[in-house]
Structures are given as structure tokens and as C-alpha cells.
Amino acid sequence: MNNNPYIFFTRLDGTKVLNDKRYLLGSWCLDLKNKNWMQLKDQCLSYHWKDRNKFKKDFFYLENFKERLLEELVVFLNDFHKTSYPKRYWRIIIGPWLINFIAVIFDRWEIIKSISNNFENFDTHLIFTKQEIPKDFFEFRNQLDDDLWNHVLFSEILKFQFPDNNFSELKIINQVEKNIFKKQFGIRRIFIKDILLKFISFLEFIAKNFYKFVGHKKRFAFYESGLNKKFFFKIILHLRTLPMTYGLFRKEQRIPKILIRNQSKIRAFKAKNEYEDFISSIIFDHMPIAYLEGYKKIEKESRRQLPAKIIVTGFSYWYNEFFKIWTAQQILENSKLIILEHGGSFQLSMNQMNHLEDIADIKTSWGIELNQSQKRLAPNKLSIVRKRRPSTKDQITMFDYESVRFSYRAVGAPIGPLVLEEHLLKLEFIELLPHDIRKFLKIKPKYLGSWNFEDSYSEIYGQEIISKYNDLNSIIQNSRLLISGYPQTTFSEGMFSGVPTILLFKEHLWEINEVYSSLITDLKEKQIIHNNANSAVKHIKNILGNEMDWWNSEEIIESRQNFNNLCNTISDNPAKEWSSFFKGIEKDMKESEKT
């Protein structure tokens with residue numbers, strides 16, 4: 001090997017480099033179980049979306065590109081399946097995958113492109129192996145955080161961008177453990193529950209066949225709505241409708257694996273740059289089988305499910321292929337799709353590229369309505385038992401932020417290497433806490449990524465720093481102060497809980513809608529929001545021991561009310577309001593049918 005700089009693309013590369021010109025393509029190469037990871041992070045190349053102006057520019061480009069590509073895919077899919085469905089139909093089905101796919105490929109494209117900004121010549125090892133075609137969105141989502149999948153993709157992009165360069169091929173000895181994107185299909189089975197589910201399924205089978213026999217659609221279909229159980233059953237009673245489990249939605253489809261596809265490009269698509277040319281050449285090697293070879297099977301199975309006039313969900317519109325295909329079919333028959341907010345606080349200005357607005361008839365919001373398709377209602381998943389008076393013996397709980405090592409979408413929040421920036425802020429905060437305060441601190445990991453930050457905290461501060469409480473209510477009832485590590489659901493939950501709450505986060509990495517600007521400024525002035533560790537530690541030192549006096553002071557109560565006015569709808573009878581909302585939709589549909 002010559003004296004060129006050597007770049008490690010992923011953790012898979014264990015090449016021995018004799019010179020000191022060792023670089024990591026990104027911080028996803030770090031293993032936080034390694035005690036030296038702090039020193040190794042200095043060898044990571046800069047991440048292109050750390051430049052937030054570039055991210056904003058790229059986001060709007062990708063949003064436009066997504067629409068251009070979708071136009072071509074609608075034509076292609078209708079031709080492939082011998083159908084003539086409208087754009088909204090195919091958007092519901094392939095939209096989430098397309099939004100992720102184009103952003104992931106663009107991100108990896110820009111990462112490889114940025115190498116030339118740092119080095120004229122360099123060495124690395126590439127991997128060339130046939131990538132497995134994902135069965136559905138879940139398998140695709142798992143691939144995005146897999147070292148092998150990313151190493152192969154980096155290799156393909158490098159050869160596309162620098163076709164004249166020759167690099168050695170890497171022989172894989174040990175595969176890194178994969179991060180698994182958790183499915184919602186599986187239900188933990190115990191004997192009694194298994195019998196109960198079979199009995200419920202039998203009753204649903206009878207009800208479904210009765211509905212079909214009399215030729216009626218079900219009035220409401222609630223599936224993974226995010227409504228907590230007690231709240232949900234209150235609404236069901238108000239609506240006088242029968243809840244169903246929708247077992248077919250939970251059933252994994254047996255779709256045959258496809259090894260080779262003959263389609264190489266979208267024939268009519270006109271690429272405007274090299275990235276678009278590259279993505280059009282690989283798109284059919286990555287498009288899930290559920291949208292092509294497996295679509296007809298799922299579509300046929302979905303027709304066995306009971307039709308519904310109003311479909312309500314909080315999650316399944318994004319990942320559940322069966323649900324998406326069934327929903328798209330129902331909308332062709334004039335059914336309505338209602339998507340519920342599954343998290344609150346500050347809404348991002350750059351997130352899902354208007355996908356929800358494009359597919360839903362109405363989207364509910366915990367706070368202020370940002371567009372005409374939104375409807376403000378009390379939170380559908382807040383089931384918090386508010387705490388009256390914390391004890392000085394209670395713990396201080398910090399809700400951690402985590403996501404996957406490789407970026408998975410263009411979203412106005414820390415992704416990929418930027419997630420580590422948030423972790424470093426939290427480590428700095430803990431380090432600055434005086435010992436007499438730190439002994440009360442417990443961390444609630446998010447468990448939604450592959451960085452494994454729990455290992456990092458435990459390695460430095462011992463396993464005892466990890467909270468022994470798992471559910472939110474237990475944490476609230478045993479905490480004297482809550483620290484949210486990100487400006488979303490846990491911050492809203494903390495503000496509602498009755499426990500003094502602060503927010504500590506890297507504000508510049510979050511693209512928060514400007515409608516919240518004045519509120520955020522106020523919450524900073526009142527020491528509820530902190531952007532740096534020193535500020536948060538200083539504030540905690542000032543209030544600890546009298547935190548409830550601070551929390552219930554006149555000026556803080558005013559700021560908390562301002563927060564609720566924009567972010568958290570408080571209702572005396574939320575079940576009644578939700579029921580009226582659903583009844584209103586039903587009434588409008590009936591009047592529309594008459595005309």
C-alpha cells in the first residue's frame with residue numbers, strides 16, 4: 001500500500017494502515033463500546049449536512065425531485081400492473097419508500113463526492129456483491145442501517161463518480177450485527193391471550209361476513225391510531241361502533257424473493273444531473289417486491305378485509321404495505337383517511353415532504369394548525385398521571401435522543417453523524433454536573449437507533465446511571481426534574497406532567513417551524529430551553545431544592561400556558577371532542593352523498 005491517505009468506509013473494513021493518514025468516512029464507523037471512540041472521532045470526515053444551509057437547499061431539491069420521479073413511477077406501475085390508478089393511489093403505497101430512498105441515495109452520493117474536497121488521491125477497499133431486493137418497507141428500512149448494504153452502495157457510487165480509479169476489493173470476515181427496525185406485526189403470545197385473540201378473530205369473522213352479506217361498509221376502521229386504550233374505548237362508545245383487531249393487517253405476507261430484475265431504468269425519465277442518472281439506473285434493484293412482483297398478491301388479500309368509510313391511523317400509513325394497499329383501494333371508493341398526530345411539541349418545517357398532506361383528508365395536530373388539512377385536538381396518546389408534589393429524594397431524569405448511525409431520510413432533525421453531536425452535548429452536561437447533583441441523575445435511553453448510547457453512558461458512569469423505570473408514568477412519579485433531550489413528544493409530556501421540565505438540545509440541528517420562534521425565545525429567557533450544557537447546569541444548580549417554587553412561579557406559569565396555546569391542547573372532555581370530530585366527518589360524508 002502506498003503513502004496515500006486511507007479512508008475506512010464502514011466498520012467492516014479492518015485494513016491495517018501503517019501510516020498515520022487514517023480517516024473514517026463518517027462517525028458511523030465508530031463503535032461506542034470502544035473506550036477510544038472519543039479520540040477516533042477526530043479522524044472522521046466532516047458530514048455534508050452539518051452545513052444546515054446546504055441541508056435546506058438539498059431538502060427542497062429532493063422534494064421537487066420526488067414529485068418528478070413519482071410522476072414517472074405512476075405511469076410505470078400502472079403499465080406494469082395493467083391498471084389506471086391515480087397518483088394519490090400510488091403515492092399512498094410507494095410514497096414513504098420513495099421519500100426515504102431518494103434522500104438516502106443522495107446522502108451517500110454527497111458523502112462520496114465530498115471526498116474529492118479533502119483528497120486528490122486516496123486509498124480504500126470496496127465491496128461488490130449483489131444487494132438483496134427488499135421484500136417491503138421494513139426490509140428496506142433495515143438495509144439503510146446495515147454496514148454491508150452501505151459499503152456496497154458507497155462502492156457503487158465511487159465507481160460511478162470515479163470510473164478510472166482502481167481500488168482493491170475488501171474480503172469480509174466478520175459481519176457487524178444488524179440493527180433491526182422493529183415491526184408492529186408481532187404480538188407477544190401467551191396461552192390465555194392466544195385463546196382470547198382466536199375468540200375475538202372468530203367474532204370478527206362473523207361480523208365481517210354479516211357486513212358483507214347485507215352490503216354495508218363499516219363506519220370506522222381504527223388501526224394503530226395511537227389512542228390509549230381507555231380513551232379509545234370511550235370514543236368507541238360515543239360513536240357506537242364495533243372495534244376490530246384487523247388481523248390481516250398484522251399478518252406478514254409471504255412474498256417470493258426476487259433475485260434478478262430485467263428492468264434497468266425508468267425509460268421516460270429525463271435525468272438533470274449525474275445523481276439522477278445514477279438513481280434511475282439502480283431504482284429497480286432497490287424497489288420493494290411488494291410494489292412489483294408481490295403487489296397483486298397483497299392487493300388480492302386486501303380485498304378480503306372489510307371495507308370502511310372512515311379510516312383512522314397514526315402509524316400504518318408509513319410502513320404497513322397491506323394497510324396502505326387496502327387504504328388506497330378504499331379511497332378509490334370515496335372513503336376518508338384520517339391520520340393522527342403521534343407526537344407533539346414543536347413541529348418541524350422539513351420532515352416528510354408534505355406526504356401526509358398529500359394522502360390524508362385530515363391530519364390531527366396536538367397544537368396549532370399549520371395548514372388547512374390539519375385539525376387541532378387534545379393529544380391522542382397522552383395518558384399521563386400528573387404528579388402533584390415531587391420529593392427531594394426523587395431522581396432527575398434525562399430523556400435521551402437517539403436515531404440510527406446512517407441517515408435514513410432528509411428530515412430537519414439530527415440524523416446519522418449529527419445524532420452523535422446531540423450525544424456529545426449530553427455527555428458534556430453530565431460531566432459539568434456537580435457530584436451532589438449527578439448522583440440523582442438517571443438517563444432514559446430512547447432505544448430507537450443503533451448508536452447504543454446506553455453503552456456509552458454505562459461505560460463512563462456505570463450502569464446505575466440508567467433509569468430502572470421503563471414506562472413514562474413510573475418515571476414521572478419518581479422524578480423531581482425532567483430533562484428532555486429533544487424538542488418533541490417527551491418535552492410535551494414533561495410540560496404536561498406536573499414535574500418541572502427543561503429542554504437541552506442542539507437547536508441549530510433542528511429545523512423547527514418558524515411559527516414557534518417567539519415561544520422558543522420566551523422559553524429560553526425563562527430558562528426552560530437550553531442550547532448548551534453550561535446554561536442547563538447553571539440553571540439546575542440555581543433551582544434544585546426549590547424547583548417547584550420556580551415551576552409554579554407566575555412568570556413560568558405564563559410561559560407554560562403559552563406553550564400549551566401553541567403545542568399542547570388541554571381539554572376537560574377530550575373523548576367527547578374527539579367523538580364530535582369523527583361524527584362531524586361522518587355527517588359531512590352523508591351530506592356529500594346526497595348531493
Side-chain angles (χ1 to χ4, degrees), residues 27 30 32 35 37-42 44 46-47 50 52 345-346 394-403 413-446 449 451-462 464-467 475 479-491 494-495 499-512 520-547 550-551 556 559:
S27 53
L30 298 172
L32 270 59
K35 293 181 180 180
W37 73 266
M38 283 279 201
Q39 290 73 40
L40 293 173
K41 74 179 177 62
D42 295 330
C44 296
S46 180
Y47 183 53
K50 193 171 184 178
R52 300 314 283 172
S345 201
F346 303 121
D394 287 340
Q395 66 186 37
I396 299 170
T397 302
M398 180 165 71
F399 293 94
D400 198 27
Y401 175 75
E402 187 178 0
S403 186
I415 53 174
L418 301 180
V419 179
L420 190 61
E421 299 290 319
E422 284 284 8
H423 182 57
L424 291 169
L425 173 65
K426 308 311 187 290
L427 290 177
E428 181 188 4
F429 165 76
I430 298 171
E431 202 60 35
L432 289 172
L433 279 176
H435 180 72
D436 61 332
I437 297 178
R438 190 193 299 172
K439 66 182 181 182
F440 290 104
L441 181 68
K442 301 296 178 184
I443 295 168
K444 176 63 175 72
K446 193 173 183 185
W451 283 100
N452 299 316
F453 288 152
E454 179 178 354
D455 293 330
S456 173
Y457 291 123
S458 300
E459 181 66 35
I460 301 171
Y461 302 107
E464 59 270 17
I465 201 170
I466 305 301
S467 176
I475 290 172
S479 296
R480 61 191 295 192
L481 177 67
L482 299 176
I483 305 168
S484 178
Y486 57 104
Q488 295 186 305
T489 307
T490 58
F491 185 51
M495 294 292 278
V499 179
T501 298
I502 66 172
L503 169 63
L504 174 63
F505 76 126
K506 290 261 187 182
E507 185 182 0
H508 71 283
L509 297 179
W510 295 81
E511 309 303 331
I512 296 172
I520 290 173
T521 299
D522 175 63
L523 295 178
K524 286 180 187 175
E525 291 174 354
K526 303 297 173 53
Q527 300 289 291
I528 293 174
I529 290 182
H530 301 266
N531 298 143
N532 65 79
N534 282 293
S535 169
V537 170
K538 182 180 178 181
H539 178 61
I540 291 172
K541 288 165 66 176
N542 287 337
I543 67 168
L544 206 65
N546 299 293
E547 57 268 23
W550 167 72
W551 193 241
I556 298 302
S559 294

Backbone N/O of Val419 and side chain of Glu402: donor-acceptor pair under 3.5 Å: no
Closest non-hydrogen atom pair between Thr501 and Ile528, with its separation: O-CG2, 3.7 Å
Lys426 charged N/C atom sitting above Phe453 aromatic ring, 6.0 Å / 45°: no
For the student: nearest non-hydrogen atoms of Trp551 and Pro500, plus distance: CD2-CA, 3.5 Å
Heavy atoms of other groups near Lys50 NZ, more than 12 under 6.0 Å: no
Working for side-chain contact (heavy atoms from CB on, under 4.5 Å), residues Ile396 and Leu433: CA-CA 12 Å; Ile396 299 170; Leu433 279 176; over 6 Å; no
Polar side-chain atom of Ser345 near backbone of Pro487 as donor-acceptor pair, under 3.5 Å: yes
Any side-chain heavy-atom pair of Phe399 and Lys446 under 4.5 Å: no
Heavy-atom pair of closest approach, residues Pro434 and Val537: CD-CG1, 4.3 Å
Distance, nearest 0.5 Å, that separates CG of Leu482 from CD1 of Ile475: 8.5 Å
Nearest non-hydrogen partners of Leu509 and Arg52, listed with the distance: O-NH2, 3.3 Å
For the student: nearest non-hydrogen atoms of Trp451 and Gly416, plus distance: CZ2-O, 3.4 Å
Aromatic ring pairing His539/Trp550, orientation class (parallel under 30°, perpendicular over 60°, tilted between): perpendicular
Parallel, tilted or perpendicular, as decided by the 30° and 60° cut-offs, for the rings of His423 and Tyr457: perpendicular
Separation between CG of Leu425 and CG of Leu420, rounded to the nearest 0.5 Å: 11.5 Å
Side-chain donor-acceptor pair present, Tyr461, Glu431, cut-off under 3.5 Å: yes
Spacing of CD1 belonging to Ile520 relative to CZ belonging to Phe346, to within rounding of 0.5 Å: 4.5 Å
Gap between atom CD1 of Ile512 and atom CD of Gln488 - 0.5 Å precision: 8.0 Å
side-chain contact (heavy atoms from CB on, under 4.5 Å) between Asn542 and Gln527, intermediate numbers included: CA-CA 11 Å; Asn542 287 337; Gln527 300 289 291; over 6 Å; no
Main-chain N/O of Leu481 paired to Ser479 side chain as donor or acceptor, under 3.5 Å: no
Point-to-point distance, once rounded to the nearest 0.5 Å, from OG1 of Thr397 to CG of Leu441: 8.0 Å
Flag side-chain contact, heavy atom, 4.5 Å: Ile443 against Glu454: no
Exercise: do Trp510 and Glu422 side chains pair donor with acceptor under 3.5 Å: yes
Taking every non-hydrogen atom, the tightest pair across Ser456 and Leu32: CB-CD2, 3.9 Å
Verdict with reasoning, Asn531 to Lys524, per side-chain contact (heavy atoms from CB on, under 4.5 Å): CA-CA 9 Å; Asn531 298 143; Lys524 286 180 187 175; 3.4 Å; yes
Candidate pair Lys444 and Thr490, rule side-chain contact (heavy atoms from CB on, under 4.5 Å), full reasoning: CA-CA 11 Å; Lys444 176 63 175 72; Thr490 58; over 6 Å; no
Spacing of CZ belonging to Phe429 relative to CG belonging to Asn534, to within rounding of 0.5 Å: 11.0 Å
Side-chain heavy-atom pair Pro414, Glu421 within 4.5 angstrom cut-off: no
